[in-house]
Colleague: 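Once you've had a glance at the structure underneath, I'll fire off some questions.
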Amino acid sequence: MRPKKKQAASIAPEADIILSASNLSRRFGGVCAVDNMSFELHRDCITGLIGPNGAGKSTLFNLISGVDRQQGGSVFLNGADVSKLASYKRARRGMIRTFQLSREFARLTVLENLLLSPQQQLGEHLMPLVFRPSVVKSEEHNNYRRACEVLQISRLEPLKDEYAGNLSGGQKKLLELARTLMIDCNIILLDEPGAGVNPALMKTLTDMIGDLNRNHGKTFLIVEHDMDMVARLCDPVIVMAEGRKLTEGSFEDIRSDTRVIKAYLGGSLDD
Ligand SMILES: Nc1ncnc2c1ncn2[C@@H]1O[C@H](COP(=O)(O)OP(=O)(O)OP(=O)(O)O)[C@@H](O)[C@H]1O
Ligand SMILES: [Mg+2]
């Protein structure tokens, strides 16, 4: 059975807008990867971002998260203009992203990957290590406790001592999501979390995202090609094509939209 969805974001009041992007643009030579793209994310919703290969979805993620700089337009996070902030500063304001290709530390274990994730750890600096060792220890202890919780949530507990480089593609995707949970964030941007994930793990991943949204107050923006996952989780769904927003609505609305079907080269979203 499909998880119960929250109220459609399209009717949420303005105060619930957690992220707003307006007129974002990014060109690469002659290619206009993102072309005057505007959209909003509503608090506590899971918004889907779909579109054919090369539509500009990952480039848009890079602009929102600050990994790349827009050539026009702006990004507002919780009402504050973050357009010029570096990605780590946007992360400190509660917005975390994952990448289309997993970026785990291959030669560290799953647990070590989690323990490395929190930003600004006191133990990274010499002075607290020398003068406040008990505070450093207590922070490390808290991080360890949180990592144990996250291992349970992500069902990676049996793999905690495995090198991340030895994980399957699907397990690496779970680890990517798990790492975001080590950071105090309320917006999580996932770029193709389901890519290369087998059906059993896909269910774990989908359930985990649904649970984080319903019970832990996480707002998601998810780029995904797996339409079953989009149908189960996302409302609303934004459709991008050739760098622009083609349309936005519920999955039921967009699946029957002829413009969307045409953008997918005449294929059906049920494929
Ligand atoms: N660093 C870059 N240099 C040159 N062109 C780029 C660069 N990054 C993206 N592009 C181009 O911008 C367009 C959008 O790419 P992008 O990766 O954002 O698409 P996408 O929607 O994420 O596609 P996919 O579904 O295949 O991941 C493509 O034509 C791509 O070739
Ligand atoms: Mg992409």
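Read the numbers this way: they start at 1 and go in the same order the structure lists the ligands and their atoms.
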Colleague: Could you tell me whether the side chain of M37 reaches within less than 4.5 Å of the side chain of L60, counting heavy atoms only?
Modeller: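 Heavy-atom side-chain distance check passes, below 4.5 Å.
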Colleague: Are any N, O or S atoms from S58 nearer to the Mg ion (ligand 2) than 2.8 Å?
Modeller: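 It does; at least one qualifying atom falls short of 2.8 Å.
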Colleague: Would you indicate whether the side-chain heavy atoms of L175 and L114 approach each other to under 4.5 Å?
Modeller: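 In contact.
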Colleague: I'd like to check whether G54 has a polar contact with ligand 1, where a contact means an N/O of the residue lying under 3.5 Å from an N/O of the ligand.
Modeller: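 The answer is yes, given that G54 and ligand 1 share an N or O pair closer than 3.5 Å.
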Colleague: Within the structure, does at least one protein heavy atom fall under 4.0 Å of atom 7 (C) of ligand 1?
Modeller: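 Flag for atom 7 (C) of ligand 1 set to true, protein heavy atom closer than 4.0 Å.
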Colleague: With a cut-off of 4.0 Å, which atoms of ligand 1 are near a heavy atom of N53?
Modeller: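 Here the atoms of ligand 1 in question are 23 (O), 24 (P), 25 (O), 26 (O).
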Colleague: If a pair satisfies salt bridge (charged side-chain N to carboxylate O under 4.0 Å, His left out) and one of its residues is in residues 183-204, list it, with sequence neighbours excluded.
Modeller: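 Pairs touching residues 183-204 that pass the test: K203-D207.
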Colleague: Report yes if A55 has an N/O atom closer than 3.5 Å to an N/O atom of ligand 1; otherwise report no.
Modeller: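 By distance alone, the answer is yes.
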Colleague: Any atoms of ligand 1 less than 4.0 Å from a non-hydrogen atom of H225? List them with their elements.
Modeller: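 Reading through ligand 1 atom by atom, the close ones are 25 (O).
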Colleague: Which pair of heavy atoms, one from A263 and one from P52, lies closest together, and at what distance?
Modeller: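 The pair with the smallest heavy-atom distance is O-CG, 3.3 Å.
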Colleague: Going by distance alone, is a donor N or O of one side chain under 3.5 Å from an acceptor N or O of the other, for S74 and S22?
Modeller: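 Yes, side-chain donor-acceptor contact under 3.5 Å.
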Colleague: To which protein heavy atom is atom 12 (O) of ligand 1 closest, and what is the distance rounded to 0.1 Å?
Modeller: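 Going by distance alone, atom 12 (O) of ligand 1 is nearest to A33 CB, 3.3 Å.
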Colleague: Taking the six-membered ring of F251 (Phe, Tyr or Trp), confirm whether the NZ or CZ of R255 is under 6.0 Å from its centre and within 45° of its axis.
Modeller: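 Verdict for F251: no cation-pi partner in R255.
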Colleague: Can you list the ligand 1 atoms lying under 4.0 Å from a non-hydrogen atom of Q100?
Modeller: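 Counting atoms of ligand 1 from 1, those under 4.0 Å from Q100 are 27 (O).
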Colleague: Using a 4.0 Å cut-off to any heavy atom of T59, which atoms of ligand 1 qualify?
Modeller: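 Listed by number with element: 9 (C), 14 (C), 15 (O), 16 (P), 18 (O).
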Colleague: Give the residue and atom name of whichever protein heavy atom lies nearest to atom 17 (O) of ligand 1, and the separation in Å to one decimal.
Modeller: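 The answer is S58 CB, 3.9 Å.
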Colleague: With no hydrogens and no angle check, just 3.5 Å: does a side-chain donor-acceptor pair link R69 and N62?
Modeller: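 There is no such pair between these side chains.
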Colleague: Give the residue, atom name and distance (to 0.1 Å) of the protein heavy atom nearest atom 3 (N) of ligand 1.
Modeller: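 Its nearest protein heavy-atom neighbour is F28 CD2, 3.5 Å.
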Colleague: Below 4.0 Å, non-hydrogen atoms only: which portion of V31 touches ligand 1? Side chain, backbone, both or neither.
Modeller: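 For V31, only side-chain atoms sit under 4.0 Å from ligand 1.
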Colleague: Just so I know, are the side chains of F28 and T59 near enough to count as touching, which here means a heavy-atom distance under 4.5 Å?
Modeller: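 A side-chain contact under 4.5 Å exists here.
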Colleague: Quick one: does NZ or CZ of R92 land under 6.0 Å from the six-membered ring centre of Y88, within 45 degrees of the ring axis?
Modeller: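 No.
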Colleague: Which residue supplies the protein heavy atom nearest to atom 25 (O) of ligand 1, what is that atom called, and how far is it?
Modeller: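 Checked against all protein heavy atoms, atom 25 (O) of ligand 1 sits closest to K57 NZ, 2.8 Å.
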Colleague: Is the shortest side-chain heavy-atom distance between R179 and N113 below 4.5 Å?
Modeller: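 Counting from C-beta outward, R179 and N113 do come under 4.5 Å.
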Colleague: Tell me the contacting part of E192 for ligand 1: side chain, backbone, both, or neither, using a 4.0 Å heavy-atom threshold, strictly below.
Modeller: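 Contact part for E192 vs ligand 1: side chain (C-beta onward).
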Colleague: Does any N, O or S atom in Q100 come within less than 2.8 Å of the Mg ion (ligand 2)?
Modeller: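 It does: Q100 brings an N, O or S atom closer than 2.8 Å to the Mg ion (ligand 2).
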